[in-house]
Each structure stands twice: as structure tokens, then as C-alpha cells.
Amino acid sequence: MRYSQMFLPTLKEIPSDAEVISHQLMLRAGMIRKLTSGVYSYLPMGYRVIRKVEQIIREEMNRAGAQEIFMPTVQPAELWKESGRWNFYGKELLRFRDRKDSECCLGPTHEEVVTDIVRNGVKSYRQLPQNLYQIQTKFRDEIRPRFGLMRCREFSMKDAYSFDIDTVNADLSYQKMFAAYNRIFERCGLKFRPVEADTGSIGGSYSHEFLVIADSGEDGMAYCEGCGYAANLEKAEIARPEEQAVDVSSFLTREEIHTPEVRTIEEVCAFLQVRPENVIKTLVFSADGVPVAVLVRGDEEVNEIKVKNYLGCDILEMAMDDMIQAAAGSPRGFVGPIGIKCRTLADYSLMNLTNMVVGANREDYHLKNVNFERDFKVAAFADLRVVRESDPCPRCAGGIHFARGVEVGHVFKLGTKYSKAMKAIYLDKNGKEQYMVMGCYGIGVGRTVAACVEQYHDDNGIIWPLAIAPFQVIITPVNMNDQDLAAAAENLYADLSSQGVEVILDDRDERAGVKFKDADLIGIPLRVTIGPKNLAAGNVEIKNRKSGEINILSVEEVKKFILGAIRQL
RNA sequence: CGGGGCGUAGCGCAGCUUGGUAGCGCGCCUGCUUUGGGAGCAGGAUGUCGCAGGUUCAAAUCCUGCCGCCCCGACCA
């Protein structure tokens, strides 16, 4: 493609509403333009990258035995009512009515539709397993879209759905997809890590997220170099500590202390001259409307997802004041475990601790020298807190590290959640009805591209991995008015193009500096610079965008070099 | 939904306090010069000042309502 004819509106200045680097660079490099909040157009340069990622996904999904389909964006409410998600899925589900006043929605995901297709098309165990996927536009009416393509409302997503006869086979399907995902992100040239994750509202029993390592990522992960354990921060487990023999003789006499207006852990510590590690934080939650007290050490944070999963409840939220008052008999800030009228759980961090400070369940009072068993009991000790980087690995007890990442893929074992709700049934060998066991597997295409920019850029712009670069090579004659340079550039351009290389000829009548800046900004991996000095000796210069390495080669050698690099893909 | 900020040329911004009929830089167009890291000079085009009301002789500026966008939080595959 000739640069002079391309629609490639680059920007010198950073658009003021772009916060993260990928958003800024994708706007500046003329890849995307915003239409409205969280909704973007892909311009030629951006769409080429999107299509490359899609193609890699397509090839790997096909290789893994999945079959491509294409499902509708507009979906009828009745299917969603059948699965139970019409009421469950919040405002993220964009609902509307058609001219006949029928309720519809824009698909944020396609479990309902695909399950409907498969239950109608599959009747026998002989027809299983099946794995169907599509690459399609999703719409999720996010509360707060942000960061360009990182969190959009409308976005391209690859979603695959597997159907198996039982959980053993479903596990195999899951593993196949897991392996395919690893290959996909490897081929895209990304540094990423699969991590154990919570299943959230999609449901199911088990899942992994694929996080692309980037400091600007919205997700945190904890991982262990030793054994390979890796989990989303909200999921990362903490091992149960060793229980130590209790030395009852060390228990001090419990005291009630007047602590007026002293509510927070900081205030308690300052007032009583103790450290947060000596205070028990008591939080009251409403679990499906029932109060539950959760105890954690004063310097730790409760992980609500762990609490929710432990309790197995649908809705967990911080209790309102009236519920706290009813359970504890005191207002927020003075709640403690002794005599509280609700189920009480304690985090592992409290094991083996003695002579603690707690709320007295009496306004303006705290208790000192409180001990387990002697003063109160809890229903259970459990892993309920947010992990810290200083915690040991839950598997091998080695050290763990934290990193941030962008969630680009998520694989779930769904079990029979949807097949039961929607009666996706087959007949087994014995002619007996069975529910299909499902899995679902998503990749955010645009987000993968954005994550790639987050990972690969420098002060001058984007640095595309060769595999997903919009073009592989840019030829930059330093002066188009020099007939020799122009001719050499044209020849090389024609030659490489005819051999299938994706190449831009920067035939603009611009100064070399402008061309170099644009080439760097749009991130083309290989740049061939044709200048008078080198050309006089029959040579051109090839520069690697990523390494900055420059080689002066003959025209023939440069062709070989480029074809060699591309063949390695 | 709570808090904060913004809306003036394609992009980045000034002007608003104290009302007088819109400006700067970049980009764009023309010409000349220049030509290996965002050139110089000269000339030029481009605006429903987010929208709608109101006040006023006069509104980008003051008042009211609305819309949109961004950030933080809440929330969320």
C-alpha cells in the first residue's frame, strides 16, 4: 500500500480524554476513533490488526476441533427468561422492544442461543462432543467504559462453547481450549499467564483467566515461581497456618475500656496504643439477607468473593446499619464477636493469636485481652482475606509475587448450569436422558490488541509483534524527489508485494524525519530506509523497530532477510 | 448511582471572573526555499463557541434546564 493513498490519520498530540497508553497510541496511530462512550470505529490500520488476531484465533480454534458459526446480535427475551438470566443479568444487558412490542436484548454473551441450537440439533451421545465458536460483536452496557479498547461497551469477542456427555469429557474439552489459548497468545507474541479465577456471574465451577502482563492492567495476579501456581488476586488462596498449642496461662484478664468516638482500626490503635495485628476487625455482611460476621486481623482486608464462595450465597453485601444494630446491639465501629447474634466466621490470620482487642458490642466501648474459646467461639476458621505479597505460596509454601495484567481470555467449566435450565438433554448408551456438560471460552479481540500495545511500546509509539502487525515492512525513501531513491523504493516495493509481504511504501513528499516519526508511531516491525549514500553503494538500511538494530545490506540481501523473518511466523 | 472535571476550528488549548460580536499553537490549502529524526518564509481556508430557553441595546461570557464526554469510587465475564 502506498502511504500517500492510505487513510491513516495520525495525531501529533495526545487526545485529552485518553488516559492509558494503548488508548493514546491507538488514537494517535490512526487505528481507532471513538463514536460515543465505549463504542469505537476501527480504521484501516486498526482493523488489519484486529483481523490478524482473529485469524490466529480462528486457526487455533479450528485446529483444536472447534467449528465456526455465527449467531445473532439481537436475541429474544424468552431464551434469557428460560435460563433465568433475564432478571439476573443487570443493566449491562441492553434490553429493548421491537415494533411488535416483543422484548429483546443485544447479546452480551451467547450461552442461551448456542444452548438452544445444540439442544435442538443434538439428541444422542453419538453426536457429542461438540465445540462451536464464533467471532462476533458483543454489547455490554458497562457502567463505566474506559481506557479505549480495554473496556468497551461494543467489542469483538471470540466465544466458544463445548458440549460433552459427562464431566470427564468436559474436562478434556476444557484442557483442549486451555492449550489452544496458550498457543493463540503465544502466536500473538504476548507475555501472558493463565491464572485461576473466580467464575463470577457466568457461573460454573472452575475457570482460568489469561492475563497479559501489563502494569496498567485492571486485574492483579499472584504467582509462584517455584511451583507455577498462579491465580487472580481475588481468587488467590492462602494456606491454613499450623495450629499451635494454646498456652492458656498467657491469657490476660479481659477488660472493657471506654473508647468514645473511637471506631476505625487506626483510631483504636492510636487510642489503646496497640498495633493493628492485635486487633480483631469484625465486619457484618448480609448474605442473601441473613447477617454473618466475618473476623479478620486488623491489618488485613476481607476478600468478599472468598466469603461469598464460602457461604455459597447469591448476594453478599455489607450489612446496613439496622442489621448491624440488630445483630450486635451496637452501632458500626464497636462491633465484636462476643455475644453477637449471628453466624461468625474467622479468617486464618486470627489463628494462634491471643489477648486481642475487639469491639464490645456496646457503643463507645472496646474489649482488651480477648481470647478464642475462653471468651467466644466461631463457626469456622477459613481463608477469607485478601492475599498479600508476603504470604507463602498455598501449594509449595515458597514465595509468591504480584503482577498486574489485562484479562484477554477466560475459560470456564460451566457444568450443567445452562443445560439444566434450558433442558439440553441427550440420550446415553442406555437410552437414558442426560444433561450435556458445558464449557465456555472467551477471548476479547480488541482487548488483546490493546493489551499488546500496553506491553509493546516506547516513547515513539507502538511496537507490533510481527505476527499481528498491520503491515510487516515500511519502505522509507528519504527523499521522493530523488529519482534514484524513488525508483529503488518502487522496485523493492513491487518485489516484496509480489512475494506476499505486507508492505507500505512511504511515497509521501515529506522530510525523512516526518516519515520516521510516523513509521515509529504506527509501529511497523521492519523499516527499510533508502538513502543516497547507501544506495550509491547498492545498499539499503533495515531497522528493527523493537531492538533498534540497524543493518546495511544489499537490496537482494534485504529481501532475503525480510522473507526469512516472515517465514518464521 | 455518589464525588470531581470538561464541552470554543481536525487535534491541543486561551478567552468567561469584569457582557461589546472569537483567538493561539499544531494540522490543512497555495507558492518559494529545504530534504536522514515531526523544516523555514510568505499568503490562505476552516467555528450552529454542546443544545434549548431566559436576562440584556448586546451573550462564548450572566441565569435556568437539558445533552454529551472524561476521571475517582461503587459496580461488573
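Every chain is numbered from 1 and lettered A, B, ... according to where its sequence line falls, protein lines coming before strand lines.
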Next item on the list: Take atom C1' in B:rG53 and the same atom in B:rA9, then report the distance between them in whole Å.
Entry: 27 Å

Next item on the list: May I ask you to say what A:Gly531 touches in the nucleic acid, namely base, sugar-phosphate or nothing, with a heavy-atom cut-off under 4.0 Å?
Entry: base

Notebook entry, point to check: Do the side chain of A:Arg28 and the main chain of A:Leu11 share a donor and acceptor less than 3.5 angstrom apart?
Noted result: yes

Item checked: Closest to the A:Pro15 side chain, choosing from B:rA39, B:rC11, B:rG36 -> B:rC11

Checklist line | Separation between the P atoms of B:rG50 and B:rU17, rounded to whole Å | finding: 15 Å

Margin query: So if I take every side-chain heavy atom of A:Thr36 and compare against B:rC72, B:rC69, B:rC76, which nucleotide ends up nearest?
Written below: B:rC69

Check: Quick check: does any side chain N or O of A:Arg545 sit under 3.5 Å from a backbone N or O of A:Asp520, one acting as donor and the other as acceptor?
Finding: yes

Item checked: Those residues of residues 522-530 of chain A lying under 4.0 Å from RNA chain B by at least one heavy atom -> A:Arg527, A:Thr529

Next item on the list: Using the C1' atom on both, measure B:rA59 against B:rC70 and round to a whole Å.
Entry: 27 Å

Check: Which part of the nucleic acid, if any, lies within contact of A:Glu209, taking any heavy atom under 4.0 Å across all strands shown: a base, the sugar-phosphate backbone alone, or nothing?
Finding: nothing

Next item on the list: Tell me what A:Arg447 touches on the nucleic acid: a base, only sugar-phosphate, or nothing, going by heavy atoms under 4.0 Å.
Entry: nothing

Notebook entry, point to check: With respect to the phosphate group of B:rC75, does any side-chain polar atom (N or O) of A:Lys91 fall under 4.0 Å of OP1 or OP2?
Noted result: no

Notebook entry, point to check: Within this structure, what is the NZ-to-C1' distance between A:Lys308 and B:rC75, rounded to whole angstrom?
Noted result: 13 Å

Notebook entry, point to check: Out of B:rC69, B:rC72, B:rC1, which nucleotide sits closest to the side chain of A:Arg146?
Noted result: B:rC72

Notebook entry, point to check: Base, sugar-phosphate alone, or nothing: which one does A:Lys138 contact when heavy atoms must sit under 4.0 Å apart?
Noted result: nothing

Margin query: Counting the atoms with a prime plus P, OP1 and OP2 as sugar-phosphate, which does A:Pro532 contact under 4.0 Å by heavy atoms, base, sugar-phosphate, or nothing?
Written below: base

Next item on the list: Would you confirm whether A:Asp507, through its side chain, and A:Ser4, through its main-chain N or O, come within 3.5 Å as a donor-acceptor pair?
Entry: yes

Notebook entry, point to check: Tell me: CG of A:Leu27 to C1' of B:rC70, nearest whole Å?
Noted result: 13 Å

Note to self: Looking only at the side chain of A:Ala512 (C-beta and beyond, no hydrogens), which of the listed nucleotides B:rG36, B:rG12, B:rC71 gets closest?
What the structure shows: B:rG36

Next item on the list: Give a yes or no on whether a donor-acceptor pair under 3.5 Å exists between the nucleobase atoms of B:rG25, that is its base, and the side chain of A:Glu13.
Entry: yes

Notebook entry, point to check: Taking for each residue the nucleotide of RNA chain B with the nearest heavy atom, is it A:Lys515 or A:Val408 whose nucleotide lies nearer the 5' end?
Noted result: A:Lys515

Note to self: What is the distance, to the nearest angstrom, from the OH atom on A:Tyr89 to the P atom on B:rC75?
What the structure shows: 17 Å

Notebook entry, point to check: How are the rings of A:Phe210 and A:Phe185 set to each other: parallel, tilted or perpendicular (split at 30° and 60°)?
Noted result: tilted

Item checked: Separation of the P atoms in B:rA22 and B:rG12, to the nearest angstrom -> 23 Å

Next item on the list: Among the candidates B:rC69, B:rC72, B:rG38, find the nucleotide nearest to the side-chain atoms of A:Asp17.
Entry: B:rC69

Next item on the list: Please say which of A:Arg85, A:Lys417, A:Met422 ends up in a side chain to side chain contact (heavy atoms under 4.5 Å, CB included) with A:Glu111.
Entry: A:Arg85

Next item on the list: Tell me the partner of B:rA22, counting only Watson-Crick (N1-N3 plus N6-O4 or O6-N4) or G-U wobble (N1-O2 and O6-N3) with both under 3.5 Å; none if nothing fits.
Entry: none

Next item on the list: With the side chain of A:Arg144 defined as its heavy atoms from C-beta on, choose the nearest nucleotide among B:rG37, B:rC26, B:rG73.
Entry: B:rG73

Next item on the list: Kindly indicate whether the side chain of A:Asn460 and the base of B:rG37 share any N or O donor-acceptor pair separated by less than 3.5 Å?
Entry: no

Note to self: If I take atom CD in residue A:Glu19 and atom P in nucleotide B:rC69, what distance separates them, rounded to the nearest angstrom?
What the structure shows: 17 Å

Check: Relative to the 5' end of RNA chain B, which residue comes earlier, A:Lys543 or A:Ser37, by the nucleotide with the nearest heavy atom?
Finding: A:Lys543

Check: How is A:Phe155 classified with respect to the nucleic acid when contacts are heavy atoms under 4.0 Å: base, sugar-phosphate, or nothing?
Finding: base

Next item on the list: Report the base-pairing partner of B:rG2 (Watson-Crick or G-U wobble, both distances below 3.5 angstrom), or none.
Entry: B:rC72

Next item on the list: Quote, to the nearest angstrom, the C1' distance that separates B:rG10 from B:rU55.
Entry: 35 Å

Check: When the C1' atoms of B:rG68 and B:rU8 are considered, how many whole Å apart are they?
Finding: 15 Å

Checklist line | Interatomic distance where CZ belongs to A:Arg545 and P belongs to B:rG37 [whole Å] | finding: 16 Å

Next item on the list: Using the P atom on both, measure B:rG2 against B:rG15 and round to a whole Å.
Entry: 30 Å

Next item on the list: Report the base-pairing partner of B:rG43 (Watson-Crick or G-U wobble, both distances below 3.5 angstrom), or none.
Entry: B:rC29

Note to self: For the C1' atoms, the ones on B:rG65 and on B:rA42, what distance do you get once it is rounded to whole angstrom?
What the structure shows: 49 Å

Margin query: Please classify the nucleic acid contact of A:Asp482 as base, sugar-phosphate, or nothing, using heavy-atom distances under 4.0 Å.
Written below: nothing

Next item on the list: For the pair A:Ser22 and A:Leu149, evaluate side chain to side chain contact (heavy atoms under 4.5 Å, CB included) and give the outcome as yes or no after the intermediate values.
Entry: CA-CA 8 Å; A:Ser22 61; A:Leu149 291 197; over 6 Å; no

Next item on the list: Take atom NZ of A:Lys12 and atom P of B:rG37, then tell me their distance rounded to the nearest Å.
Entry: 14 Å

Next item on the list: Just call it for A:Met157: base, sugar-phosphate, or nothing, with non-hydrogen atoms closer than 4.0 Å on any strand.
Entry: base

Next item on the list: State which of B:rU35, B:rC76, B:rG38 makes the closest approach to the side chain of A:Asn479.
Entry: B:rU35

Notebook entry, point to check: Expressed in angstrom and rounded to an integer, what is the separation of A:Met150 atom CE from B:rC71 atom C1'?
Noted result: 16 Å

Next item on the list: Could you please name the option among B:rU34, B:rA74, B:rG38 that lies closest to any side-chain atom of A:Arg511?
Entry: B:rU34

Next item on the list: Give a yes or no on whether a salt bridge exists between A:Lys235 and A:Glu209, defined as a side-chain N under 4.0 angstrom from a carboxylate O.
Entry: no

Check: Considering every strand shown, what is the Watson-Crick or G-U wobble mate of B:rU35 when both distances are under 3.5 Å?
Finding: none

Notebook entry, point to check: Are A:Glu454 and A:Arg404 within salt-bridge range, i.e. N to O under 4.0 Å?
Noted result: no

Check: To the side chain of A:Ser16, which of B:rC72, B:rC13, B:rG38 is closest?
Finding: B:rC13

Checklist line | Flag, side chain of A:Tyr181 to backbone of A:Tyr441, donor-acceptor distance under 3.5 Å | finding: yes

Item checked: Any-strand Watson-Crick or G-U partner of B:rA52, both distances under 3.5 Å -> B:rU64

Next item on the list: Please determine, for the side chain of A:Glu92, which listed nucleotide (B:rC76, B:rC71, B:rA39) has the closest atom?
Entry: B:rC76

Check: Ignoring hydrogens and angles, are the base of B:rG36 and the side chain of A:Lys517 linked by a donor-acceptor pair under 3.5 Å?
Finding: no

Check: Quick one: CE on A:Met71 to NE2 on A:His110, what's the gap to the nearest 0.5 Å?
Finding: 5.5 Å

Notebook entry, point to check: Expressed in angstrom and rounded to an integer, what is the separation of A:His23 atom NE2 from B:rC70 atom C1'?
Noted result: 10 Å

Note to self: I'd like to know if A:Glu510 reaches the base of B:rG38 with its side chain such that a donor and an acceptor end up less than 3.5 angstrom apart.
What the structure shows: no

Next item on the list: Answer yes when A:Lys308 and A:Asp198 have at least one side-chain N-carboxylate O distance shorter than 4.0 Å, and no when they do not.
Entry: no

Next item on the list: Determine yes or no for a side-chain-to-main-chain donor-acceptor pair under 3.5 angstrom, with A:Lys158 supplying the side chain and A:Ile57 the backbone.
Entry: no

Notebook entry, point to check: NA contact type, A:Lys533, heavy-atom cut-off 4.0 Å: base, sugar-phosphate, or nothing?
Noted result: nothing

